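So that the names make sense, note that chain A is the first sequence line, chain B the second, and so on, each numbered from 1. Source: prediction; values computed, not measured.
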Protein chains: 2
Amino acid sequence: MLTRERIVETAVELLDSSGDGALTVRALTTRLGTGPGAIYWHIGNMDELLVAAADAVITAALTTPRDEAATTEPNEAATTHPDRAATTQPDRAAATPQDEIRAIALGLFDAVAEHPWLAAQLALQITRNPWGPVTLRIFESIGRPVSTLGVPEADWFTTTSTLVHYLLGATAQTSQSDETATRTEAGRAEFLATASKAWRDLDPDEYPFMRAIADQMREHDDREQFLTGINLVLTGITTLHQPPIDP
Amino acid sequence: MLTRERIVETAVELLDSSGDGALTVRALTTRLGTGPGAIYWHIGNMDELLVAAADAVITAALTTPRDEAATTEPNEAATTHPDRAATTQPDRAAATPQDEIRAIALGLFDAVAEHPWLAAQLALQITRNPWGPVTLRIFESIGRPVSTLGVPEADWFTTTSTLVHYLLGATAQTSQSDETATRTEAGRAEFLATASKAWRDLDPDEYPFMRAIADQMREHDDREQFLTGINLVLTGITTLHQPPIDP
DNA sequence: GCATGGCTTGGAGCGACGTTCCAGTATGGA
DNA sequence: TCCATACTGGAACGTCGCTCCAAGCCATGC
């Protein structure tokens with residue numbers, strides 16, 4: 001029996017294994033041993049399928065407890081800390097709101113790193129339908145800890161927007177689409193060296209700044225830089241909204 | 001005579017007038033009164049044409065002096081402040097680096113608002129080719145004032161990245177793709193009211209935060225919120241990098 | 001003046017895509 | 001047993017990016 005879930009699942013598999021352009025109706029039909037009519041009975045649209053695929057992966061990334069280690073058996077991790085396990089998101093509690101935000105952001109960052117097609121999809125869906133299910137979910141996840149951050153309620157929307165926008169921009173650029181090259185450690189090092197050299201060879205009149213930071217480009221780590229950016233925004237938030245008078 | 005510039009120019013016209021999906025090779029051929037072979041003689045690829053179109057618009061947005069008023073005759077504005085006029089970008093000088101960054105960011109924001117197709121293109125190109133000409137130009141423009149901000153040179157890359165990533169994420173989401181509806185003032189108000197109501201009707205268990213900020217959604221202004229976000233990041237930067245010891 | 005050879009053009013056509021249409025099958029209730 | 005409804009998969013349509021190629025253009029050398 002063909003179900004919407006099975007189609008979405010297969011779509012994600014296709015995207016994961018063969019990249020952006022691999023998700024075609026024809027590829028789905030062969031993989032599922034069926035015809036286009038069957039697929040369009042369950043799914044109205046190719047775009048709708050892409051939204052569903054992205055939503056599935058994002059939802060998984062947002063609800064999975066961020067344990068940094070347990071990737072195969074999340075239940076096992078849950079038994080490690082059996083108290084506190086009643087909440088929706090088992091671990092992660094007992095941390096500062098800042099820690100929560102960092103954890104969620106890193107979860108999304110890693111999800112995009114694991115599913116390179118997700119970067120383009122996120123970007124596209126956010127421009128085409130700014131408040132689709134994907135944006136909504138991310139906003140809610142980031143907004144919840146923001147509301148416990150001490151920010152006045154009137155600024156919740158703007159503050160969360162800033163965080164989410166940074167997060168989306170950063171994941172968009174940092175998703176190595178050049179898969180094969182950047183998959184390995186050596187390939188990534190080579191990529192960085194090449195880019196760094198390209199910047200150094202730019203026109204000094206037109207690109208003085210890029211030339212100045214070419215070295216930093218070669219030595220930087222995407223994930224670390226992402227976290228630094230999050231911390232920068234968090235610092236801005238706490239600086240603006242809670243003056244140094246400590247209770 | 002057909003030239004690459006003429007093709008790019010026509011491509012921008014097509015995109016501006018008829019939106020995202022209007023730029024096809026066939027549309028170009030009819031508009032230019034030629035055939036596909038002629039076009040592919042000057043342009044290697046459809047993607048390459050899209051990059052060129054985006055680059056053209058972005059470059060224009062980054063080099064135009066941001067005078068908020070003078071759109072037709074930039075030279076006139078230059079005479080207003082005749083000193084300092086020797087730099088590449090006539091006015092804008094004599095301001096703080098923060099002002100410069102705000103001006104550049106708003107310039108990009110307005111460019112995306114004026115060319116709605118640009119949002120999706122920026123997002124796509126940045127994920128597909130993170131250091132293409134468009135990203136490079138934006139990075140250089142933002143990075144230059146950042147380097148005069150008092151941030152230690154070792155942090156220039158990360159700091160500029162944070163600003164650019166926020167900027168890209170914000171413009172991506174804030175580009176009303178739903179053109180006709182949001183073009184007019186009334187249409188936009190209706191759009192906001194509808195979205196706000198949709199948030200209020202969400203499941204209280206799953207989306208408590210979105211429900212809490214539904215009102216702020218209805219009353220917010222995109223451009224203003226964008227600026228607030230920029231200021232938030234700028235505050236984070238100055239807070240982290242120059243301790244309150246004032247010279 | 002004229003032939004030559006390299007740019008440049010535009011039309012025909014190829015393969016692949018998303019999508020629709022529809023004849024057919026299965027299944028569960030009357 | 002019959003039938004309505006849910007579902008399937010193959011054929012086909014229109015459009016897309018792109019390639020191929022015969023013809024045109026035009027400056028140069030003879």
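- Relative to the side chain of R26(A), the nucleotides dT8(D), dC18(D), dT19(C) differ in distance, and dT19(C) lies closest.
- Each of dG9(D), dT8(D), dG17(D) was ranked by its minimum atom distance to the side chain of L2(A); first place goes to dT8(D).
- Salt bridge status for D201(A) with R211(A): absent, with no side-chain N to carboxylate O gap under 4.0 Å.
- As judged by a 4.0 angstrom heavy-atom cut-off over every strand, L32(B) is placed among residues making no nucleic acid contact.
- Here R4(A) does not pair with E9(A) in a salt bridge; the nearest charged N to carboxylate O distance is not below 4.0 Å.
- Put simply, CD1 on I7(A) is 14 Å from P on dG18(C), counting in whole angstrom units.
- Rounded to a whole Å, the CG atom of L28(B) is 15 Å from the C1' atom of dT9(C).
- As rounded to whole Å, 5 Å separates atom P of dG18(C) from atom CE of M46(A).
- As rounded to whole Å, 15 Å separates atom C1' of dA12(C) from atom OH of Y40(B).
- Taking atom CG of residue D47(A) and atom P of nucleotide dC17(C), one finds them 16 Å apart after rounding to whole Å.
- The distance from atom CH2 of W41(B) to atom P of dG17(D) is 21 Å, rounded to the nearest whole Å.
- Note on V25(B): only backbone sugar-phosphate atoms sit closer than 4.0 angstrom, heavy atoms only; bases stay farther off.
- Rounded to an integer number of Å, the gap from R6(B) CZ to dT8(C) C1' is 14 Å.
- In this structure, G21(A) and G37(A) both approach DNA chain C, and ranking their closest nucleotides by distance from the 5' end singles out G21(A).
- Scanning all heavy atoms of the two residues, the minimum distance from A61(A) to A111(A) falls at CB-CB, 3.6 Å.
- Contact annotation: H42(A) side-chain N/O to dA6(D) OP1/OP2 distance is not under 4.0 Å.
- A distance-only check finds no donor-acceptor pair linking the side chain of T174(B) to the backbone of D222(B) [under 3.5 Å].
- Picking from dT19(C), dG13(C), dT9(C) the nucleotide with the shortest atom distance to the side chain of P36(A) gives dT19(C).
- For the OP1/OP2 pair of dG18(C) and a distance below 4.0 Å, the side-chain nitrogens and oxygens of N45(A) include no atom meeting the criterion.
- Whole-Å rounding puts the R4(A) CZ to dT8(D) P distance at 15 Å.
- Checked options Q225(A), E219(A), E224(A); the residue passing with D221(A) is E224(A) (criterion: side chain to side chain contact (heavy atoms under 4.5 Å, CB included)).
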